[in-house]
Participant: 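Quick one: the structure is below, questions incoming.
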Amino acid sequence: MVYTVSYVVVGGKKKYPSGMMNQHERPVVGEQVKLGENTFEIVEVKRMLPPSDDFEFLHVTVKPVDEEGDP
Amino acid sequence: MNEIRQILKYASLFRGLSDAQLGRVAEIAQSEHYNAKDVIFSQDTLGDKMYIISSGQVEVRVQDNSGQSHSAIYLGQGQVFGEMALLDQGTRSASIIAAQNNTVVYSIPGAAFTILCQQDTGIGYIMMRNIALDLSFKIRHQNFDT
């Protein structure tokens with residue numbers, strides 16, 4: 001199975017660009033992902049579209065990691 | 001040739017194509033290598049290729065009417081970009097910049113792609129369906145990101 005994943009960033013002090021990529025491993029809550037130079041933690045994974053031809057389409061919500069603990 | 005076939009199998013844009021059909025697409029694809037901050041193409045220029053990301057990430061930068069430029073999204077392995085200008089013959093809707101060193105993309109020239117789709121209408125049907133589904137996925141993504 002190939003997972004086509006749409007990453008959307010929530011929270012943070014600024015608006016971060018989102019991301020989109022294909023991967024062999026299904027994303028899991030708590031894992032980290034790098035979009036550009038920024039690192040994010042996965043907070044939610046949802047199916048966006050039904051699977052088709054060995055592809056599954058997921059929507060993943062992430063939050064910035066670097067900003068945690070900042071005032 | 002095997003490497004490009006593996007990448008094509010990994011890109012949802014080519015799902016449903018047989019190994020033989022993937023081979024025909026692979027024949028017209030060429031690899032391009034970029035380092036971080038290299039511009040792959042610029043907004044508002046004419047486009048004659050679409051691209052599949054083999055490794056690394058690219059940044060999609062959009063300049064609005066006021067001249068302000070912002071980073072809209074990062075695309076990673078298996079993602080396709082540049083397909084819009086190929087379909088509608090319009091100019092590029094964004095600039096694409098390599099976000100990492102050793103970013104490798106495969107480009108498919110529009111003219112060769114059109115000839116291939118005309119010669120093998122099976123490829124043409126599947127590819128046009130997949131391009132529509134891919135754009136649908138991107139619109140759904142955009143809906144979540146606003």
Participant: Taking the inter-plane angle between the rings of B/Tyr10 and A/His24 on a 0 to 90° scale, is it parallel (under 30°), tilted (30 to 60°) or perpendicular (over 60°)?
Facilitator: tilted
Participant: Please check if A/Val45 and A/Tyr7 belong to a single hydrophobic cluster, counting links between Ile, Leu, Val, Met, Phe, Trp and Tyr side chain heavy atoms closer than 4.5 Å.
Facilitator: yes
Participant: May I ask whether A/Leu58 and B/Phe144 are part of the same hydrophobic cluster, defined by side-chain heavy atoms of I, L, V, M, F, W, Y residues being less than 4.5 angstrom apart, directly or through others?
Facilitator: no
Participant: Keeping B/Gln57 on the side-chain end and A/Lys34 on the backbone end, is there a donor-acceptor pair under 3.5 Å?
Facilitator: yes
Participant: In the single-linkage hydrophobic clustering (I, L, V, M, F, W, Y; side-chain heavy atoms under 4.5 Å), do B/Tyr125 and B/Leu133 co-cluster?
Facilitator: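 They do not share one cluster, since no chain of ILVMFWY contacts under 4.5 Å joins B/Tyr125 to B/Leu133.
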Participant: Quick check: are there more than 12 heavy atoms from other residues, nucleotides or ligands sitting under 6.0 Å from CD of A/Glu31?
Facilitator: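 More than 12 within 6.0 Å, yes.
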Participant: What's the spacing between A/Ser6 OG and B/Asn143 CG if we round to 0.5 Å?
Facilitator: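 Reported to 0.5 Å precision, the distance equals 10.0 Å.
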Participant: Are B/His141 and A/Val8 packed together at the side-chain level, in the sense that at least one heavy-atom pair is separated by less than 4.5 angstrom?
Facilitator: yes
Participant: Determine whether A/Met20 and B/Phe137 make a side-chain contact, defined as any pair of heavy atoms from C-beta on separated by less than 4.5 Å.
Facilitator: yes
Participant: Mind checking the CG-CD1 spacing from A/Asn22 to B/Ile52? Nearest 0.5 Å is all I need.
Facilitator: 11.5 Å
Participant: Go through the atoms of A/Ser52 and report whether side chain, backbone, both or neither lie under 4.5 Å from a heavy atom of chain B.
Facilitator: both
Participant: Is it the case that more than 12 heavy atoms not belonging to B/Gln30 sit under 6.0 Å from its CD atom?
Facilitator: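 Result for CD/B/Gln30: open.
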Participant: Quick check for you: to the nearest 0.5 Å, what is the distance between B/Leu13 atom CG and A/Phe55 atom CZ?
Facilitator: 9.5 Å
Participant: Can you tell me how far the OG1 atom of A/Thr4 sits from the NZ atom of B/Lys138, to the nearest 0.5 Å?
Facilitator: 10.5 Å
Participant: For A/Leu49, is it the side chain, the backbone, both or neither that has a heavy atom under 4.5 Å from a heavy atom of chain B?
Facilitator: side chain
Participant: When heavy-atom pairs shorter than 4.5 Å are enumerated against chain A, which of B/Gly16, B/Gly78, B/Ala11, B/Ser12 gives the highest number?
Facilitator: B/Ser12
Participant: For atom CD of A/Glu25, decide whether the heavy atoms of other residues, nucleotides or ligands shown that lie under 6.0 angstrom number more than 12.
Facilitator: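 No, the 6.0 Å shell around CD holds no more than 12 heavy atoms from other groups.
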Participant: With clusters defined by side-chain heavy atoms of hydrophobic residues (ILVMFWY) lying less than 4.5 Å apart, directly or transitively, does B/Met50 cluster with B/Met84?
Facilitator: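 Shared cluster, yes.
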Participant: For residues A/Ile42 and A/Met48: do they belong to one hydrophobic cluster (side chain heavy atoms under 4.5 Å, members Ile, Leu, Val, Met, Phe, Trp, Tyr)?
Facilitator: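 No, because A/Ile42 and A/Met48 fall into different hydrophobic clusters, even though each may have its own neighbours under 4.5 Å.
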